[in-house]
Amino acid sequence: MATAAGMGIGAACLVAPQVRPGRRLRLQRVRRRCVAELSRDGGSAQRPLAPAPLVKQPVMPTFLVPTSTPPAPAQSPSPAPTPPPLPDSGVGEIEPDLEGLTEDSIDKTIFVASEQESEIMDVKEQAQAKVTRSVVFVTGEASPYAKSGGLGDVCGSLPIALALRGHRVMVVMPRYMNGALNKNFANAFYTEKHIKIPCFGGEHEVTFFHEYRDSVDWVFVDHPSYHRPGNLYGDNFGAFGDNQFRYTLLCYAACEAPLILELGGYIYGQKCMFVVNDWHASLVPVLLAAKYRPYGVYRDARSVLVIHNLAHQGVEPAGTYPDLGLPPEWYGALEWVFPEWARRHALDKGEAVNFLKGAVVTADRIVTVSQGYSWEVTTAEGGQGLNELLSSRKSVLNGIVNGIDINDWNPSTDKFLPYYYSVDDLSGKAKCKAELQKELGLPIRPDVPLIGFIGRLDYQKGIDLIKLAIPDLMRDNIQFVMLGSGDPGFEGWMRSTESGYRDKFRGWVGFSVPVSHRITAGCDILLMPSRFEPCGLNQLYAMQYGTVPVVHGTGGLRDTVENFNPFAEKGEQGTGWAFSPLTIEKMLWALRMAISTYREHKSSWEGLMKRGMSSDFTWDHAASQYEQIFEWAFMDQPYVM
Ligand SMILES: Nc1ncnc2c1ncn2[C@@H]1O[C@H](COP(=O)(O)OP(=O)(O)O[C@H]2O[C@H](CO)[C@@H](O)[C@H](O)[C@H]2O)[C@@H](O)[C@H]1O
Ligand SMILES: OC[C@H]1O[C@H](O[C@H]2[C@H](O)[C@@H](O)[C@@H](O[C@H]3[C@H](O)[C@@H](O)[C@@H](O)O[C@@H]3CO)O[C@@H]2CO)[C@H](O)[C@@H](O)[C@@H]1O
């Protein structure tokens, strides 16, 4: 049998992986490690999964004229490192994948492979798309560059999952330079491409930066409006007043990027799949229809709108419409009239423009981040005013549950944890709990159930219910830790509650990724009483870490948390508690069921933990569903020509 020593990189990847929670997870990790090794190798190995062979095309004439003399870049002046030209991968061919092989047979096949064959094997371990495409994500945030919540997680992971399946993937987002975030963009280089965007009464120059990482082209749009202090969308005084302008720039720039940026030597070209996320990116399908297709450009492109959260739609007074640089006849696409009850005074006609609506009526397909939410958005209760329009597009509306990035969120490798553990050896979890209690200054008591909450302090998350339930809950023998930032009222309440219950409650006000990992690992129970939840990621992370979720049964929470059933025919089932309706009584009931199971039924509790940890929430599954959406989009003519 071949040994890893003395072999090439591919062979080194064949070292037997440690015992892991599940087959998919294990294979994906081995695969990722191989990709990392191959990337370090440089040279032609830099793009291990070759995307489509692209014929170098002449840059299409567009209405945006690149300026002739590039200005000096603001930062990172080195030229962009150019990855090698893309090798011919036989686009569109159906690659054999590992479906049908058992875990054993995969392992055996891997171990008998010769050094040369093994490199091929490594590539084939990752399921491949049947048809590969050029995919352009447009987003307001993507981790690790910039994140305010779950949108950042998804746009930081899904593009990589798609790239690993063979697609050529670009992500276009702002190059935020808000102080501490600067270092996140340190490896992105100035591309020397810059364009002038005609909107908001002038021509606004933006430049493009680029980093090739994890098989994805990360493209950062640079403009002074992305440089001011604060968070991504606002500061202590609230949301920035010019957000509409900032994301109009992003959308125009994203439409130009595939036409003008030669990444790895080649442009993406016109036949691409735009994945536009939330309102920040919602002008993209409108621009395709209103400003490109009439001139013969992007007729072969398609767009899918991904709705992560209907609560944010990018609505501004109608008077700003001319600022957007769109033809007057396209006003109807964005037109929005507030119902009378939402108007401010008798003369207010409620006329507005709504970015998200623009994408709802022009995108080729629409995806919500869970199936449950795809139904909720068509109802008056969940549709946030867009329910009728979304209902009218039901035939192209689908739900795909988000995945989680198991490189970042894995209790057996998590760099933020003091101890590691896995479904096969849970001992490290108890140690993580003790360390967390110590870090938070809570009494170190293994017997006391530790309940956690992590999230934006927003009406959506049901913090008001927690607030009302705390006096009652604090009578129990429990500990409670909350991590969050947002609504200043809730932040103040967290601080004062902490001083009221010193040995039981901690309120960590702020945004800290390391602390969020340690809470996820160290707690026994994660509480998510969200009023609505399009998908929710924290319950997925919790299950992966053996932390039992107690959630309001809504949207993606209902889709992903299976209610505990001790009396199921084939033995105990379920991964947590999904309570409904959303009342304090029901929430307390579910929490107390969890607490008593934790205390009095240790083996049932371990079963709950292990079933959660064995669930498969890897991105690969969701990525294959997105591919199906892409195929459907390309089967039809563009929805708006
Ligand atoms: N103070 C803090 N410190 C550190 N980390 C923090 C934090 N507050 C939140 N986070 C992190 O932000 C993310 C939150 O993701 P969620 O999906 O739960 O909600 P969010 O409402 O932001 O996302 C929206 O988009 C996502 C993605 O589609 C949907 O899952 C979701 O339902 C929808 O509301 C998690 O990674 C969490 O750990
Ligand atoms: O990833 C977390 C969420 O991030 C996005 O939501 C942000 C939203 O898109 C921004 O516009 C802004 O929302 C402000 C809103 O526009 C304003 O009217 C006011 O209500 O204050 C809001 C907060 O500043 O910030 C949101 C993040 O807090 C994304 O669209 C969501 O899907 C994600 O859930």
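Positions are given from 1, in the same order as the sequence printed here. All ligand and atom numbering here is 1-based and tracks the order in the structure.
Using a 4.0 Å heavy-atom cutoff, Gln460 is absent from the residues neighbouring ligand 2. Proximity of Lys147 to ligand 2 is not established, as no heavy-atom distance is less than 4.0 Å. Ligand 2 lies within reach of Ser148, whose nearest heavy atom is under 4.0 Å from it.
For ligand 1 and Ser512, the ligand atoms under 4.0 Å from any heavy atom of the residue are 3 (N), 4 (C). Applying the 4.0 Å criterion to heavy atoms of Glu141 picks out, from ligand 2, the atoms 1 (O), 4 (O). Near Leu151, meaning under 4.0 Å from one of its heavy atoms, ligand 1 places the atoms 25 (O), 27 (C). Atoms of ligand 2 lying under 4.0 Å from any heavy atom of Asp278, numbered from 1 in the order shown and given with element: 29 (C), 30 (O), 31 (C), 32 (O).
Ion pairing between Arg611 and Glu562 fails under the 4.0 Å rule for side-chain N and carboxylate O. A salt bridge is defined here as a Lys NZ or Arg NE, NH1 or NH2 lying under 4.0 Å from an Asp or Glu carboxylate O, and Lys431 with Glu435 fails to meet this definition. Classification of Asp222 and Arg175 as a salt-bridged pair holds, one side-chain N sitting under 4.0 Å from a carboxylate O. Ionic pairing of Glu388 and Arg393 is not present here: no N-O contact between side-chain nitrogen and carboxylate oxygen is shorter than 4.0 angstrom. Taking 4.0 Å as the cut-off between side-chain N and carboxylate O, Asp487 and Arg456 do not count as a salt-bridged pair.
Taking the ring centroids of His280 and Tyr233, they lie under the 6.0 Å cut-off. For Phe355 and Tyr247, the distance between ring centers is not under 6.0 angstrom.
Any N or O atom pair closer than 3.5 Å counts here, and Gly150 shares at least one such pair with ligand 1. Checked by distance only, ligand 2 and Arg456 come closer than 3.5 Å through their nitrogen or oxygen atoms.
Here the heavy atom of the protein found nearest to atom 11 (O) of ligand 2 is Trp279 NE1, 3.1 Å. Looking at atom 9 (O) of ligand 2, its nearest protein heavy atom turns out to be His280 NE2, 2.8 Å. For atom 24 (O) of ligand 2, the nearest non-hydrogen atom of the protein is Ala239 CB, 4.2 Å. Scanning the protein heavy atoms around atom 8 (C) of ligand 2, the nearest turns out to be His312 CG, 3.5 Å. Distance from atom 25 (O) of ligand 2 to its nearest protein heavy atom, with residue and atom name: Tyr233 CD1, 3.4 Å.
The backbone and the side chain of Asn538 each have at least one atom closer than 4.0 Å to an atom of ligand 1 (non-hydrogen atoms only). Residue contacts with ligand 1, taken as heavy atom pairs separated by less than 4.0 Å, involve Lys147 solely via side-chain atoms from C-beta onward. If you look at Val515 next to ligand 1, there are no close heavy atoms at all, none under 4.0 Å. Under 4.0 Å from ligand 2, heavy atoms of Leu151 appear from its side chain as well as its backbone.
Nearest-heavy-atom check against atom 24 (C) of ligand 1 across Met528, Gln460, His308 picks out His308. In this structure, of Gly486, Gly149, Gly140, the residue bringing a heavy atom nearest to atom 1 (O) of ligand 2 is Gly149. Taking each of Leu158, Leu557, Leu537 in turn, the one with a heavy atom nearest to atom 17 (O) of ligand 1 proves to be Leu537. Among Pro534, Gly455, Gly152, Ser143, the residue whose heavy atom lies closest to atom 9 (C) of ligand 1 is Gly455.
Distance screen at 4.0 Å: atom 31 (C) of ligand 2 has a protein heavy-atom neighbour inside the cut-off. Protein heavy atoms all stay at least 4.0 Å away from atom 20 (O) of ligand 2.
Because its NZ or CZ atom is not both nearer than 6.0 Å to the ring centre of Phe274 and within 45° of the ring axis, Arg302 does not count as a cation-pi partner of that residue.
A perpendicular orientation is assigned to the rings of His517 and Tyr545, their planes being inclined by more than 60° (bins at 30° and 60°).
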